[in-house]
Amino acid sequence: MNRRDLKKKINHITERFADHCLDAEQAQPKKSAEINDLIDQTAELVDDVMHEIGKTSEFVGKEVKAHYSRLYKDFDDRMEALEKKLTGLKG
């Protein structure tokens with residue numbers, strides 16, 4: 001996975017999650033604060049990952065792709081946890 005593809009994947013997943021959050025907020029306005037907190041957590045996660053993507057000068061050759069793979073795995077795991085929280089709020 002290269003840098004551009006990684007950023008595209010992260011942005012796509014984040015946008016989709018934000019859409020789900022907005023749908024949930026419209027369906028359950030009483031849970032607006034909790035849903036907004038999930039959106040804030042997502043924004044912090046994206047900032048963290050994008051910052052780490054910028055640290056590729058520390059890596060050489062195949063290490064860069066391995067670094068991107070680790071970043072994506074961590075991002076995916078953390079997004080899955082946020083999606084579970086959102087599903088729990090929709091309950």
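For the pair F75/V46, a side-chain contact is recorded, criterion being any heavy-atom separation below 4.5 Å from C-beta on. Side-chain contact check for E63 versus V60: some heavy-atom pair is nearer than 4.5 Å. Within the 4.5 Å cutoff, the side chain of L89 has heavy atoms near those of the L38 side chain. Between I10 and M50 the shortest side-chain heavy-atom distance falls below 4.5 Å. Contact annotation: the side chain of I35 never approaches that of Q26 to less than 4.5 Å [non-hydrogen atoms, C-beta and beyond].
Residues passing the side chain to side chain contact (heavy atoms under 4.5 Å, CB included) test with D5 are M1, N2, sequence neighbours excluded. For E80, the salt bridge (charged side-chain N to carboxylate O under 4.0 Å, His left out) partners at least two apart in sequence or on another chain are K84. In this view, K30 satisfies the salt bridge (charged side-chain N to carboxylate O under 4.0 Å, His left out) rule with no residue, not counting sequence neighbours.
With no hydrogens or angles considered, a side-chain donor-acceptor pair links Q41 and D37 at under 3.5 Å.
Ion pairing of D48 with R78 is present here, as a side-chain N (NZ or NE/NH1/NH2) and a carboxylate O approach within less than 4.0 Å.
One distance of note links CD of E25 with CD1 of I39; it measures 6.0 Å at 0.5 Å rounding. Here the CG atom belonging to L82 is positioned 4.5 Å from the OG1 atom belonging to T42, to the nearest 0.5 angstrom. The line from CG of D23 to NE2 of H20 is 7.0 Å long, rounded to the nearest 0.5 Å. For the atom pair SG of C21 and CD of E83, the computed distance is 9.0 Å after rounding to the nearest 0.5 Å. One finds the CG atom of L71 at 12.5 Å from the CG atom of D76 (value rounded to the nearest 0.5 Å). In this structure, M79 CE and R16 CZ are separated by 8.0 Å, a value rounded to the nearest 0.5 Å.
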Practice task
Evaluate salt bridge (charged side-chain N to carboxylate O under 4.0 Å, His left out) for D74 paired with R70, printing each intermediate quantity in order.
Solution key: CA-CA 6 Å; D74 180 55; R70 283 190 302 273; over 6 Å; no
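In the hydrophobic clustering of this structure, F59 groups with I53; members are Ile, Leu, Val, Met, Phe, Trp, Tyr whose side-chain heavy atoms approach within less than 4.5 Å, directly or through other members.
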